[in-house]
Amino acid sequence: ITVTYGENAVSIDSTFWAESEIDYDSINVIEYVESGFEGYRINGFASAKLSLGQFQNEEFGQYISYVYNSCDACVVIYGEEKILILNGPDAESTKAIYDTLTEKIK
């Protein structure tokens with residue numbers, strides 16, 4: 001999972017799922033969540049290591065996931081048109097994603 005911070009948008013890409021991009025201006029809320037959540041895959045890729053693609057659960061409804069399964073922490077991005085959930089391979093890198101995005105959307 002690769003997170004790229006552009007001038008006007010963040011893009012998230014992975015080998016096994018299509019790239020997603022969200023403009024900083026269209027981010028309504030961003031949250032850092034320390035504990036994991038359950039969801040089921042609608043379309044995408046799931047393995048012991050990664051959960052990528054379109055998922056759904058009761059809390060978020062449908063969302064796009066770029067998640068390392070070994071890390072419970074995640075960043076939830078509520079955009080105008082979609083919800084993205086992503087993390088890094090560990091809590092420290094996930095917090096760094098959150099901190100960088102928080103700075104970008106100010």
Side-chain angles (χ1 to χ4, degrees):
I1 299 172
T2 304
V3 180
T4 305
Y5 306 98
E7 188 173 319
N8 299 313
V10 60
S11 62
I12 302 103
D13 196 16
S14 72
T15 304
F16 301 106
W17 187 250
E19 179 180 16
S20 288
E21 184 174 278
I22 187 164
D23 292 340
Y24 300 128
D25 290 343
S26 71
I27 296 174
N28 295 327
V29 176
I30 183 171
E31 294 179 339
Y32 178 80
V33 180
E34 291 183 356
S35 61
F37 55 88
E38 296 295 320
Y40 65 90
R41 181 172 39 105
I42 297 170
N43 185 16
F45 174 83
S47 71
K49 184 176 180 178
L50 298 169
S51 293
L52 308 168
Q54 296 174 326
F55 283 68
Q56 183 169 339
N57 68 13
E58 288 185 26
E59 183 177 356
F60 302 114
Q62 289 192 12
Y63 60 92
I64 300 171
S65 174
Y66 291 91
V67 171
Y68 288 93
N69 296 327
S70 61
C71 178
D72 284 339
C74 62
V75 177
V76 181
I77 302 169
Y78 296 89
E80 292 175 1
E81 297 180 14
K82 58 187 164 188
I83 297 173
L84 285 167
I85 298 176
L86 70 144
N87 66 6
D90 54 43
E92 183 178 326
S93 59
T94 303
K95 184 70 165 78
I97 293 168
Y98 172 79
D99 291 341
T100 302
L101 285 172
T102 301
E103 285 298 315
K104 295 283 189 181
I105 63 172
K106 282 186 178 181

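Values in this document were obtained by computation on a predicted structure and should not be read as measured data.
- Linking Ile, Leu, Val, Met, Phe, Trp and Tyr residues whenever their side-chain heavy atoms come within less than 4.5 Å places Tyr5 and Tyr32 in a single cluster.
- Remark: side-chain polar atoms of Tyr68 are paired, donor with acceptor, to backbone N or O of Ile1 under 3.5 angstrom.
- In the hydrophobic clustering of ILVMFWY residues, with side-chain heavy atoms under 4.5 Å counting as a link, Ile64 and Phe45 come out together.
- A search for side chain to side chain contact (heavy atoms under 4.5 Å, CB included) contacts involving Ile105 returns Tyr24, Ile27, Ile30, not counting sequence neighbours.
- Shown here are the salt bridge (charged side-chain N to carboxylate O under 4.0 Å, His left out) partners of Lys49, two or more places apart in sequence or in another chain: there are none.
- In terms of the ring-ring contact (aromatic ring centres under 6.0 Å, His included) criterion, residue partners of Tyr63 (sequence neighbours excluded) are, by chain and number, Phe37, Phe60.
- Val33 and Val67 fall within a single hydrophobic cluster, where Ile, Leu, Val, Met, Phe, Trp and Tyr are joined by side-chain heavy atoms under 4.5 Å apart, directly or via other members.
- Not one N or O on the side chain of Thr100 forms a donor-acceptor pair closer than 3.5 Å with the backbone of Ile97.
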Task: CA sep, side-chain torsions, deciding dist, call: Leu84, Ile22, side chain to side chain contact (heavy atoms under 4.5 Å, CB included) - done: CA-CA 9 Å; Leu84 285 167; Ile22 187 164; 3.8 Å; yes
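- Within the 4.5 Å cutoff, side-chain heavy atoms of Val75 are placed close to those of Thr94.
- Asn87 places a side-chain N or O within donor-acceptor distance of the main-chain N or O of Cys71, the cut-off being under 3.5 Å.
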Please list, one pair per line, the donor and acceptor atoms closer than 3.5 Å that link side chains of residues 6-17 to other protein atoms, with sequence neighbours excluded.
from: Ser11; atom 1: OG; to: Glu19; atom 2: OE2; distance (Å): 3.3
from: Ser14; atom 1: OG; to: Trp17; atom 2: N; distance (Å): 3.2
from: Ser14; atom 1: OG; to: Trp17; atom 2: O; distance (Å): 3.4

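- Cluster annotation: Val3 and Tyr78 are assigned to distinct hydrophobic clusters (Ile/Leu/Val/Met/Phe/Trp/Tyr, side-chain heavy-atom contacts under 4.5 Å, transitive).
- Listed by chain and residue number, Lys106 satisfy the salt bridge (charged side-chain N to carboxylate O under 4.0 Å, His left out) test with Glu103 (two or more places apart in sequence, or in another chain).
- Note that the OG atom of Ser26 and the CD atom of Glu21 stand 9.5 Å from one another [nearest 0.5 Å].
- Asn57 contributes a side-chain N or O that, together with a main-chain N or O of Glu59, makes up a donor-acceptor pair within less than 3.5 Å.
- Here Asp99 pairs with Lys95 under the salt bridge (charged side-chain N to carboxylate O under 4.0 Å, His left out) rule; sequence neighbours left out.
- Between Glu80 atom CD and Lys82 atom NZ the span is 11.5 Å, to the nearest 0.5 Å.
- Transitive grouping of hydrophobic side chains (ILVMFWY, heavy atoms separated by less than 4.5 Å) brings Leu52 and Leu86 into a common cluster.
- Under the 3.5 Å distance criterion, with hydrogens and angles disregarded, a donor-acceptor pair is assigned to the side chains of Asn69 and Ser51.
- Rounded to the nearest 0.5 Å, atoms CD (Glu31) and CD1 (Ile77) are 11.0 Å apart.
- Between the side chain of Asn43 and the backbone N or O of Gln54, no donor-acceptor pair lies under 3.5 Å.
- For Ser20 and Tyr66, the side-chain atoms include at least one donor-acceptor pair closer than 3.5 Å.
- Using a distance-only test at 3.5 Å, with no hydrogens or angles considered, a donor-acceptor pair links the side chain of Asp90 to the main chain of Ser93.
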